Structure formats: structure tokens, C-alpha cells
Undergrad: 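Right, I'll just put the structure down here and ask away after.
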Amino acid sequence: MWHGRFKKEMADEVLDFTQSLDIDWRMAECDIKGSLAHVQMLGATGLLKEGEAKKIALGLEKVLEEVKTGKFIPSKNLEDVHMNIEARLTELEPLGAKLHTARSRNDQVATTTRLYLRERLKTLRDELKILLQVFISNAERHLNIIIPGYTHMQQAQPISMGHYWLAWFEAFKRDLERLDFALKSLNESPLGAGALAGSTLPINREMTAKILDFDCPTRNSLDTVANRDYMTDYHYFASVLMVHVSRLCNDLITWNTQEFAFIILPDEFCTGSSMMPQKKNPDVLELARGKTGQVLGNLIDLLVTLKGLPMTYNRDLQEDKRGLWASLDTVESVVRILSALLEKVEVDEKIALAGLEKGYSLATDVAEYLVMKGVPFREAHLKVGRLTGWCIENKISFGELTFEQWREHIPEVDEDILKILSPRESVSRRNTYGGTGFSQVAKQIEAAKKIC
Ligand code: ARG
């Protein structure tokens, strides 16, 4: 389609090296959608006669049908999805030769990719919302279950398991916001930017933008064909989401070990060992964690591709899609399977609590109790720290200390100290806004429901 100025045919190996059909064919339907808008605009502006535009549109519909039914066998010799569709259109309808009026593949590929990405992001958005709902329903299911909260992987303070699930709700809700940003960032129409500088023909860019449901046409034709920020925005969203996935999976893998043992994973999401009959392995969680690197890699891949590129379009940009598809496929499958798995996660309340009772995770509660008795916090911290040290040496838990022993170590305590020494009491009393107190978590569940 561009051989006019060449004396020799393209070498076979160059054709193979430069084609992008294997990557971009999946955008065929979106490409036709873009062309339909373009041809409608060409008709409306008088650049094509009304009848011509109609015939081309009809031809495009036929090609669309062939694509949908799998009848269309594209050829690598035609380089990419765009040329394949135009060539087939022109075979069916010779007026197809007029379709590429006031258009370049540079604005075309940007349009098609944005349309495709928009569809995929909308599906992903629905999946992500399901995941958010799973966090909410898990928070409801496990509101009253107490688990150890950790910092540095050391028992810190008892928390409601519902609070834990809502922590992930918050993180993934931010991911949803980043997804929405990526959607907004892609939603401007490149069509009509041409190869780089616009067109001498009186096209109507507002019109094509409107037909294709874009918010507006892009404002600078140079930027339009050079820009891939809408992809980096997606990749950044996807990378952060996968980092969240990876950390969540890691928690569940750890808490599912025989050493922690308070998380029970659904059998149907685990696998066995070919040798060890006792094994129930958390492979789904491990694979989700394991796929994170690829998604992060795809962000870096695109950033590095873009880094040295001069304004405006350069063929390097054709390399933008491989990683995008890989990332979209991965993220979609991870989010979907995670929702299904998490919905079925159970907590062994007794084991979670038994683990807590061995530790000294109520130390802060005691220090804060002393603060209420008028002891300065630093002093209270020191006293409880010393008592903890003594208890560890003497292999005794806070719960096992008699009131007399408490008094001996910390003269400021009264008998009511004994009342605050259960993990349930501790969680109930952490009632600050955003804290783990049951009533706080219940409020946050209600707030979350309003968002999702
Ligand atoms: N297949 C190309 C791509 O994906 C289409 C644009 C080609 N433009 C060009 N000037 N060679 O980027």
C-alpha cells in the first residue's frame, strides 16, 4: 500500500521482522469500528459522496462479519491488522480505496488501541469491583474473629479479621481509582491527527470523537501519534495492583503454613504433591504472587521503549502492544481467580486466638491503661516493657499474672487491670476512627458498601 516510491520488493526477512499481525490482529473489530466512524465523518463532511460512504460502510460491515465468524484469514504479507482490513474491504468494495483519506496508520493505530484497551479495562473494572465486594463480604463474615496483627512479622496487637480484609479493600479501591484514571487518560480521540501534523482536508474530528464515545479529540497532533501515556497509566495501575495481590497472597500463604495455621484455604483452589500424600499446596496464591514480576516488567519494558524516542511516531512504538496484552490477560485472570478463592477462605478462630495468648500483644493496652491512671506514656512503656521481660524470663503470660503480681511490678494498677487482659476486650476498645474496634470495622463495612 506504500510501494509507489520503491524500485525493489521488500526482502522476505524484513517483512517477517516488521509485521505486527500476530500481535495486533486481536484488535480487528475495534479497527473496523474506528474505520466506520471515519467513513461516516468523510460522508458527512462531503469528502466522500453520501452513496460512497454508505457503500464503504457496508463493505466494512461485511469484513466485520468475516472477522467475527473467523472466516477472515489475515496475511502477514499485509503487515498489520489495519492493512489487512483495508485490503479485504477494497477486494469486496473497490471504493475502499477512499477509506484512508485524511488518515494515517499513526492516528489509526492509536485510535484502535485506545478502543481495544477501553473495552478490556471496562471488563477488568467489573472484575475488580467483584473483588472489592468479596473483601466486604469477607469483612462481614470475619468481623468478630480475632487474629494477631503483625509488624515486622512479630505479633503486635490483636485485630479483627474483618479489619484485615478491609485493609485490602482500601488498597484495591485505590487500584480502582487508578484504573479509572487510565480509562480517562485513554478516552480522547486521536483520529484525524494524521501521520503527525493533521490534514489539509476539511475533516471533522469532533464528530469522530463523538461517534467513538471519546470525551474529545486530542489537542496536539504531534503528541497524539507520539503519546503512549495511556498505556503507561494502565501499566502503572496494573503494577501496583499486582504488588497488592502479591502481598495479600504472601500473607495467606504464610498464615496457611502449619506454623501459623489459622487460615484455611479451599481444597478446590489448592493442589497436592505427586510424592507427598499429606500435602495441600497453595499453588493458586503462589502463581498469582509469581505473575507479579511479569506485570511489573511490562511497565518497565514500555517505559524503556519510550525513553529515547524522538517526537513523534517511530516504529519502535509498534512494540507497545505485546506487553500490554500479556499484562491485561494476566491481571484479568489473577483478579478473577482471587475473587473466587478469597470468597471461600476460612479462619480457624481458636488457633488464631491460641497463638495470641502465648504472646504479649496486650502490652500496649496495659501501657495505655496506665496512661489513663495518670502515668506518662514513656514511663508506662518502660514499666510494661520491664514486666514483659520478667514474664518472658519466668515463662508466664500476662493472663496468668495474679493481681498481686501486677501490683508488685506496677504499683499504679488497680483491680480493673484484669478486665482489659483479653484479646477480645483489646479489639473492642480500639475504637478510634479507622481502628480495629468491632464497631469501627462495622461502620467501615457500611461505608465500603456504599462505594461498591
Ligand atoms: N503496525 C504499526 C504499529 O503498530 C502501524 C503504524 C505504522 N506506521 C508507520 N509509519 N509505519 O505501530
Side-chain angles (χ1 to χ4, degrees), residues 1-6 8-35 37-38 60 63 67 72 74-90 96 99-120 186 188-199 208 212 218 220-232 234-235 298 301-328:
M1 290 193 182
W2 38 253
H3 60 275
R5 63 102 65 216
F6 289 80
K8 284 190 177 169
E9 287 285 317
M10 183 193 262
D12 281 350
E13 61 263 51
V14 173
L15 202 123
D16 229 42
F17 188 75
T18 54
Q19 66 81 28
S20 56
L21 187 73
D22 51 352
I23 295 294
D24 58 29
W25 181 248
R26 59 156 87 185
M27 303 193 297
E29 290 183 28
C30 291
D31 195 62
I32 295 172
K33 194 173 165 189
S35 290
H38 185 63
L60 281 168
V63 180
V67 170
F72 194 142
S75 159
K76 280 189 184 177
N77 295 344
L78 290 167
E79 210 181 295
D80 59 21
V81 60
H82 321 291
M83 304 269 245
N84 264 281
I85 286 168
E86 195 184 324
R88 179 64 185 142
L89 166 70
T90 313
L99 172 65
H100 213 52
T101 307
R103 188 176 75 172
S104 154
R105 267 183 303 154
N106 297 349
D107 57 344
Q108 186 181 359
V109 69
T111 307
T112 302
T113 314
R114 284 175 189 242
L115 289 175
Y116 180 83
L117 184 56
R118 187 172 67 187
E119 276 180 15
R120 294 294 303 269
L186 68 74
E188 295 182 346
S189 175
L191 213 50
L196 77 164
S199 175
T208 41
L212 294 172
T218 53
N220 183 300
S221 60
L222 304 179
D223 172 58
T224 303
V225 296
N227 175 24
R228 292 296 182 269
D229 291 3
Y230 51 96
M231 290 189 192
T232 54
Y234 160 74
H235 281 298
N298 288 324
D301 176 9
L302 181 60
L303 288 173
V304 175
T305 301
L306 295 172
K307 174 189 166 292
L309 289 191
M311 199 57 106
T312 58
Y313 181 86
N314 301 272
R315 193 61 180 269
D316 316 44
L317 290 175
Q318 183 172 289
E319 293 296 323
D320 60 359
K321 287 173 220 66
R322 193 184 304 271
L324 185 59
W325 300 171
S327 174
L328 283 166

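A quick note: this is a predicted structure, and the numbers were derived from the prediction, not measured. Keep in mind that the numbers below use all heavy atoms, side chains included, and drop hydrogens, waters and symmetry copies. Just so you know, ligand 1 is whichever comes first in the structure, and atom 1 is the first atom listed for that ligand.
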Undergrad: I'd like to know if R118 pairs up with E188 as an ion pair, taking the criterion as any Lys NZ or Arg NE/NH1/NH2 lying under 4.0 Å from an Asp or Glu carboxylate oxygen.
TA: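 Judged by the 4.0 Å cut-off on N to carboxylate O distance, R118 and E188 do not form a salt bridge.
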
Undergrad: Report yes or no: is the cationic atom of R26 (NZ for Lys, CZ for Arg) closer than 6.0 Å to the six-membered ring centre of Y116, at no more than 45° off its axis?
TA: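 Geometry flag: not set, cation outside 6.0 Å or 45°.
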
Undergrad: Is it the case that the side chain of D107 and the backbone of L191 share a donor-acceptor pair, with hydrogens and angles ignored and the cut-off at 3.5 Å?
TA: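 Not confirmed, D107 side chain does not pair with L191 backbone.
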
Undergrad: Spell out, as yes or no, whether a donor-acceptor pair under 3.5 Å connects the side chain of T218 to the backbone of N220.
TA: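 Absent.
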
Undergrad: Return the minimal non-hydrogen interatomic distance between M231 and T113, and the atom names on each side.
TA: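 Closest heavy-atom pair between M231 and T113: CE-CG2, 3.4 Å.
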
Undergrad: Between the protein and ligand 1, are there any N or O atom pairs that come within less than 3.5 Å of each other, and if so, what are their names and distances?
TA:
{"residue": "ligand 1", "atom": "1 (N)", "partner": "S20", "partner atom": "OG", "Å": "3.2"}
{"residue": "ligand 1", "atom": "1 (N)", "partner": "D80", "partner atom": "OD2", "Å": "2.9"}
{"residue": "ligand 1", "atom": "1 (N)", "partner": "Q318", "partner atom": "OE1", "Å": "2.8"}
{"residue": "ligand 1", "atom": "4 (O)", "partner": "K321", "partner atom": "NZ", "Å": "3.1"}
{"residue": "ligand 1", "atom": "8 (N)", "partner": "N106", "partner atom": "OD1", "Å": "3.0"}
{"residue": "ligand 1", "atom": "10 (N)", "partner": "N106", "partner atom": "OD1", "Å": "3.3"}
{"residue": "ligand 1", "atom": "12 (O)", "partner": "Y313", "partner atom": "OH", "Å": "2.4"}

Undergrad: Could you tell me if R105 and Q108 have a donor-acceptor pair between their side chains, going purely by distance under 3.5 Å?
TA: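 No donor-acceptor contact under 3.5 Å links the two side chains.
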
